[in-house]
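Just so it is clear, the model here is predicted, and its values are computed rather than measured. Order of appearance sets the numbers: ligands from 1, and atoms from 1 within every ligand.
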Amino acid sequence: MTDFVNNNFADILLNRHSVRHFDPAVKISRDEMSQMIEEAHVAPSACNLQPWRFIVIDSEEGKDKLRTFFMRFNMPQLETSSAVVMIFGDTEAYKSYRDLWNKACNDGQISPEKRDEVLKTFLPLYENASRESLLFDAKTNSALVAMQFMLVARAHGYETNAIQGYASSAAAEALGLDSERYVPCMAIAIGKPDPAKQQAEVHSQRYPVEKISEFL
Ligand SMILES: Cc1cc2nc3c(=O)[nH]c(=O)nc-3n(C[C@H](O)[C@H](O)[C@H](O)COP(=O)(O)O)c2cc1C
């Protein structure tokens, strides 16, 4: 079990706010970043397809690539964060699905009969799915892992800003991914807040619960 630096769920959840100015001196090690991804990707996904891919941009060369398609108003986060984590949805995740269930079977978690039943039920849904539903699936599931990553970041003592202000049609290709297969979900800037700039960060309003919900 991870020893989180912040293990207070109320604080992690209720005191998360987008941070757009980070301390540029703070670096997050690749080991810790991988650990955070490991913790985030226990997120649920439809049929456990896990249709997500993380591209961690923590170098100047990597940030140069982001500079080609990020909108100007997101430059402060890009320039000051320890890293920008681009989360893509994978529209071909179902092609690895067989490997996942074979592993569960080899590990003794399920019987070969159960594995075959699962594959027979779910795989055709994806193999015959429209492009539209593969995109929908890839993006909605990736949004869950993205949210989870933002909360995990707080448990590690970091702050984040989710970002969609970029040319999404250019994102995959700029980062060397197959743009037919991978669809951008969001970028997440991560780091420690710049103490000098925190006064400028505005805490966001929320609508009243009655406006956004109803009971039937
Ligand atoms: C999918 C998504 C995309 C966003 N894109 C941007 C963005 O491009 N630039 C930015 O500064 N903030 C962006 N935000 C942050 C929102 O503005 C912010 O979450 C919202 O105003 C609520 O504030 P809070 O995060 O402090 O609670 C994005 C948030 C989400 C969830």
Open item on the list: Within the structure provided, determine whether Met86 and Ile57 are in side-chain contact (heavy-atom separation under 4.5 Å).
Closed with: yes
Open item on the list: If the criterion is any heavy atom closer than 4.0 Å to an atom of ligand 1, which residues make the list?
Closed with: Arg16, His17, Ser18, Arg20, Phe73, Asn74, Gln77, Asn161, Ala162, Ile163, Gln164, Gly165, Ser204, Arg206
Open item on the list: Once side chain to side chain contact (heavy atoms under 4.5 Å, CB included) is applied, do any residues pair with Leu134, and if so which ones, sequence neighbours excluded?
Closed with: Thr91, Tyr94, Tyr126, Ala129
May I have the list of side-chain donor-acceptor pairs in residues 140-153 shorter than 3.5 Å, sequence neighbours left out?
unit_1, atom_1, unit_2, atom_2, d
Thr140, OG1, Phe136, O, 2.9
Thr140, OG1, Asp137, O, 3.4
Asn141, OD1, Ala46, N, 2.9
Asn141, ND2, Asp137, O, 2.7
Asn141, ND2, Asp137, OD2, 3.3
Ser142, OG, Pro51, O, 3.1
Ser142, OG, Ala138, O, 2.7
Gln148, NE2, Ala40, O, 3.3

- [ ] Using a 4.5 Å cut-off on heavy atoms from C-beta on, say whether the side chain of Leu175 contacts that of Phe69.
- [x] yes
Task: Partners meeting salt bridge (charged side-chain N to carboxylate O under 4.0 Å, His left out) with Glu39 (sequence neighbours left out) - done: none
Open item on the list: If you define the side chain from C-beta out and look only at heavy atoms, does anything of Lys197 sit under 4.5 Å from Thr80?
Closed with: no
